[in-house]
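Everything on this sheet refers to the single structure shown next.
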Amino acid sequence: GPLEEVTLPLFFGWFLLSSVQEKIRCTSMDFLKTLDTLEAFKKHMSDFTGKPDKEVDLEQYFEAKGTLHCTTKFCNYGKAEGAKEYAEKPAVKNFYGSIFELSLTALFVTPRVVGARVTLSEEQLVLWPDDAEKEAESAVPTAASLPLGSRAHITLGCAEGVEPVQTGLDLLQILALQQEGQQGELVTEMELGSLRYYGEGRWLLSLREPMCAPACFSSFYN
Ligand code: A2P
């Protein structure tokens, strides 16, 4: 019967409290609106449209995906490698249901996704799986050499046909470029922070003031 087996969740993560979700969605929408009007963005618009003179409305281009959260471990109901081991970690059990303050330090946009980078504290890193970056190696070959927690992010929206898992991969790709010494092209200083372009439609806004987001460490079943 159903009570005999404990089913692992689809994923564990930090779920942003509803009060801050709206604020972050608004900030990200404002950012997309501003980015869309920049000449520098228009110059590289074909990264998004595939055609030289076609316009793109970024606010329409991305589709929001449910409750805002920062995934720690994708378990796929136990089918993902290391799911059971993660669920049994003492830190995961001890902190389940606790509120944390996440620090959002950048917003980024690619032709596939829009997301926020989360910079984890030492305490938060104990909930981060050791192999989260390494697992991205097939998409980002140098991912394993990036610091633990580099992949931490919140998916804010996906282009049509793109799965949210792409957000962490696109973030790692930008961080891998930075690690290789590519600082990107400084495009402009915005009110929120400095905007850099990394080629191939990759834009990163480093926030002057990190956004603080209270979030509950928990899990999601569908
Ligand atoms: P993300 O954390 O970037 O938002 P889905 O709806 O596709 O089943 O995904 C559920 C959640 O788990 C999403 O938040 C998604 O991405 C994350 N996710 C999906 N697949 C993976 C994976 N292979 N590795 C890490 N996270 C994943």
Side-chain angles (χ1 to χ4, degrees), residues 7-18 20-22 24-25 27-29 31-32 61-87 89 92 95-96 100 102-120 124-144 146-176 201-205 211 213 215-222:
T7 312
L8 291 167
L10 181 59
F11 63 91
F12 285 90
W14 287 283
F15 294 79
L16 273 60
L17 303 191
S18 57
V20 77
Q21 291 206 32
E22 198 175 345
I24 291 167
R25 286 199 196 278
T27 305
S28 115
M29 276 301 184
F31 170 51
L32 292 181
Y61 184 86
F62 297 109
E63 195 182 319
K65 295 270 177 185
T67 311
L68 296 185
H69 64 272
C70 174
T71 303
T72 53
K73 176 69 186 174
F74 181 69
C75 293
N76 198 14
Y77 306 112
K79 285 183 285 219
E81 206 181 306
K84 190 162 178 285
E85 292 73 11
Y86 181 84
K89 278 172 114 163
V92 170
F95 287 119
Y96 197 84
F100 289 77
L102 297 183
S103 178
L104 279 53
T105 52
L107 297 176
F108 56 96
V109 171
T110 74
R112 296 162 293 279
V113 298
V114 52
R117 181 181 187 190
V118 176
T119 300
L120 300 174
Q124 292 161 359
L125 277 171
V126 305
L127 293 167
W128 192 253
D130 297 328
D131 52 0
E133 284 74 27
K134 196 173 166 32
E135 272 183 5
E137 260 182 330
S138 57
V140 184
T142 58
L146 290 165
L148 201 68
S150 295
R151 191 176 177 173
H153 69 278
I154 295 165
T155 297
L156 298 168
C158 297
E160 202 183 329
V162 175
E163 297 294 329
V165 64
Q166 192 62 45
T167 317
L169 305 178
D170 282 7
L171 173 60
L172 286 172
Q173 209 180 67
I174 295 171
L175 298 180
R202 296 169 294 201
W203 301 83
L204 181 88
L205 174 72
M211 282 192 279
C216 180
F217 179 70
S218 180
S219 61
F220 181 85
Y221 294 81
N222 203 2

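One-based numbering, in listed order, for ligands and for the atoms of each. Note that the numbering runs from 1 along the sequence shown for the chain.
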Within the protein, flag every N or O under 3.5 Å from an N or O of ligand 1, and note the pair and distance.
{"from": "ligand 1", "atom 1": "2 (O)", "to": "T71", "atom 2": "OG1", "distance (Å)": "2.6"}
{"from": "ligand 1", "atom 1": "3 (O)", "to": "H153", "atom 2": "NE2", "distance (Å)": "2.5"}
{"from": "ligand 1", "atom 1": "3 (O)", "to": "T155", "atom 2": "OG1", "distance (Å)": "2.9"}
{"from": "ligand 1", "atom 1": "3 (O)", "to": "P164", "atom 2": "O", "distance (Å)": "2.8"}
{"from": "ligand 1", "atom 1": "4 (O)", "to": "T155", "atom 2": "OG1", "distance (Å)": "2.8"}
{"from": "ligand 1", "atom 1": "14 (O)", "to": "H69", "atom 2": "NE2", "distance (Å)": "2.5"}
{"from": "ligand 1", "atom 1": "14 (O)", "to": "T71", "atom 2": "OG1", "distance (Å)": "3.3"}
{"from": "ligand 1", "atom 1": "16 (O)", "to": "V165", "atom 2": "N", "distance (Å)": "3.4"}

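Looking at heavy atoms from C-beta onward, T27 lies out of side-chain contact with L104 at the 4.5 angstrom threshold.
Here the rule is ring-ring contact (aromatic ring centres under 6.0 Å, His included) with F95, and of W14, F100, F217 only F100 fits it.
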Can H153 and F108 be said to form a ring pair (Phe, Tyr, Trp, His ring centres under 6.0 Å), step by step? CA-CA 10 Å; H153 69 278; F108 56 96; 7.2 Å; no
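For residues 72-82, the side-chain hydrogen bond (donor to acceptor under 3.5 Å, both in side chains) pairs, not counting sequence neighbours, are T72-Y86.
Atom CZ of residue R151 and atom CG of residue D170 lie 11.0 Å apart, to the nearest 0.5 angstrom.
The closest donor-acceptor contact from the side chain of E137 to the backbone of A143 lies at 3.5 Å or more, if one exists at all.
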